Enquirer: 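Have a look at this one before I ask anything.
Predicted, not measured: the structure shown is a model, and the values here were computed from it. All residue numbers refer to positions in the sequence shown, counting from 1.
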Amino acid sequence: HVQLVESGGGSVQAGQTLSLSCTSSMLTISRYCVAWFRQVLGEERELVVAIGGDSDGRTNYADSVKGRFTISKDNAKNTLNLQMNSLRPEDTGVYYCAADPGLISCSGRSFDTLRYRGQGTQVTVS
């Protein structure tokens with residue numbers, strides 16, 4: 001049973017930094033397209049950033065996070081990371097990671113259509 005587990009969420013003040021991680025015990029994250037989504041209470045889940053698998057390492061950031069957030073893969077730890085700098089109150093939400101071994105790119109895909117999805121970690125910026 002493939003699971004994705006997010007960690008690193010928390011409460012910070014505007015302008016501060018958080019780093020999220022997503023790990024899997026059974027899925028080799030570096031091989032496949034993976035993405036971070038977030039959901040604000042009462043709103044639809046939105047793509048934050050996606051990165052392709054080994055054959056396609058392109059990234060696709062939401063305009064709202066460009067220049068502030070950075071996605072990366074730590075192959076040695078089999079971890080997907082999201083470095084979030086200069087956080088704003090509007091970045092508040094539950095952050096989810098998702099992956100799909102059947103896709104080269106996750107860009108343009110909604111969260112629910114990706115094969116493996118985490119349970120989320122709360123990020124609160126005040």
Side-chain angles (χ1 to χ4, degrees):
H1 178 62
V2 175
Q3 286 184 312
L4 297 177
V5 180
E6 302 95 339
S7 63
S11 297
V12 296
Q13 294 185 337
Q16 292 186 329
T17 295
L18 274 177
S19 182
L20 305 183
S21 295
C22 173
T23 62
S24 175
S25 60
M26 296 185 66
L27 186 70
T28 304
I29 288 177
S30 63
R31 293 183 184 175
Y32 312 116
C33 75
V34 286
W36 286 99
F37 292 81
R38 68 185 178 191
Q39 186 170 29
V40 177
L41 188 63
E43 298 184 9
E44 293 187 358
R45 196 177 281 115
E46 64 173 352
L47 176 71
V48 175
V49 56
I51 184 170
D54 284 347
S55 63
D56 179 7
R58 289 177 292 180
T59 56
N60 179 31
Y61 289 89
D63 288 342
S64 60
V65 306
K66 284 181 180 177
R68 300 188 298 121
F69 290 13
T70 303
I71 191 172
S72 63
K73 296 177 181 179
D74 185 333
N75 295 343
K77 296 181 180 180
N78 195 35
T79 299
L80 175 71
N81 299 312
L82 182 65
Q83 178 70 26
M84 305 186 294
N85 298 330
S86 301
L87 282 162
R88 304 168 180 170
E90 54 263 39
D91 294 318
T92 294
V94 180
Y95 284 69
Y96 302 85
C97 66
D100 198 313
L103 299 173
I104 295 175
S105 172
C106 293
S107 295
R109 297 278 181 162
S110 64
F111 181 76
D112 291 338
T113 65
L114 298 178
R115 185 170 180 181
Y116 301 115
R117 306 181 292 272
Q119 295 300 306
T121 185
Q122 176 71 43
V123 171
T124 303
V125 185
S126 58

Enquirer: Keeping Ser24 on the side-chain end and Gln3 on the backbone end, is there a donor-acceptor pair under 3.5 Å?
Expert: yes

Enquirer: Kindly state each residue pair satisfying ring pair (Phe, Tyr, Trp, His ring centres under 6.0 Å) with at least one member in residues 99-126, sequence neighbours excluded.
Expert: Phe37-Phe111, Tyr96-Phe111

Enquirer: Please determine, by modelled atom types, if Asn85 and Gln83 share a side-chain donor-acceptor pair under 3.5 angstrom.
Expert: yes

Enquirer: Sort and list the pairs that fulfil side chain to side chain donor-acceptor pair (under 3.5 Å) and have at least one residue in residues 65-78, not counting sequence neighbours.
Expert: Asp63-Lys66, Arg68-Asp91

Enquirer: Quick check on the hydrophobic clustering: are Met26 and Val5 connected, directly or via other members, by side-chain heavy-atom contacts under 4.5 Å?
Expert: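 No, Met26 and Val5 fall in different hydrophobic clusters.
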
Enquirer: Could you check whether any side-chain heavy atom of Arg109 comes within less than 4.5 Å of a side-chain heavy atom of Leu103, counting everything from C-beta outward?
Expert: yes

Enquirer: Please enumerate all residues that pass side-chain contact (heavy atoms from CB on, under 4.5 Å) together with Ser107, with sequence neighbours excluded.
Expert: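 Residues passing side-chain contact (heavy atoms from CB on, under 4.5 Å) with Ser107: Ala50, Asn60, Ser105.
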
Enquirer: Are the side chain of Arg117 and the backbone N or O of Asp112 linked by a donor-acceptor pair below 3.5 Å?
Expert: yes

Enquirer: What's in the same ILVMFWY side-chain cluster as Phe69, cut-off under 4.5 Å, chained through other members?
Expert: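 So far as hydrophobic clustering goes, Phe69 is joined with Val12, Leu18, Leu20, Ile29, Val34, Trp36, Val48, Val49, Ile51, Tyr61, Val65, Ile71, Leu80, Leu82, Met84, Leu87, Tyr95, Val123, Val125.
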
Enquirer: Can you tell me if CD on Glu90 sees more than 12 non-hydrogen neighbours from other groups inside 6.0 Å?
Expert: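 Count over threshold, so yes.
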
Enquirer: Scan for disulfide bond (SG atoms under 2.5 Å apart) pairs involving residues 36-87, sequence neighbours excluded, and state none if there are none.
Expert: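 Checked against disulfide bond (SG atoms under 2.5 Å apart) - neighbours excluded - no pair reaches residues 36-87.
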
Enquirer: Can you tell me how far the CD atom of Gln16 sits from the CZ atom of Arg88, to the nearest 0.5 Å?
Expert: 15.0 Å

Enquirer: Identify the two heavy atoms, one from Leu4 and one from Leu27, that lie closest to each other, and give their separation to 0.1 Å.
Expert: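 Closest heavy-atom pair between Leu4 and Leu27: CD2-CD2, 4.2 Å.
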
Enquirer: Give me the atom names and distance for the closest heavy-atom approach of Glu6 to Gly120.
Expert: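 Shortest heavy-atom contact: OE1-N, 2.8 Å.
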
Enquirer: Where do Gln122 and Gly93 come nearest, in terms of heavy atoms and distance?
Expert: NE2-O, 3.4 Å

Enquirer: If you draw a 6.0 Å radius around CD in Gln119, do more than 12 non-hydrogen atoms from other residues or ligands fall strictly inside?
Expert: no

Enquirer: Does Ile104 sit in a hydrophobic cluster with other residues, and if so which ones, taking ILVMFWY side chains as linked at heavy-atom separations under 4.5 Å, directly or through other members?
Expert: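 Grouped by the 4.5 Å side-chain rule, Ile104 forms a cluster of one, so the answer is none.
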
Enquirer: If you measure from CD on Gln39 to CD on Glu44, what distance do you get to the nearest 0.5 Å?
Expert: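 CD of Glu44 is found 8.5 Å from CD of Gln39.
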
Enquirer: Let me confirm one number: the SG-CZ distance from Cys33 to Arg58, rounded to the nearest 0.5 Å.
Expert: 12.0 Å

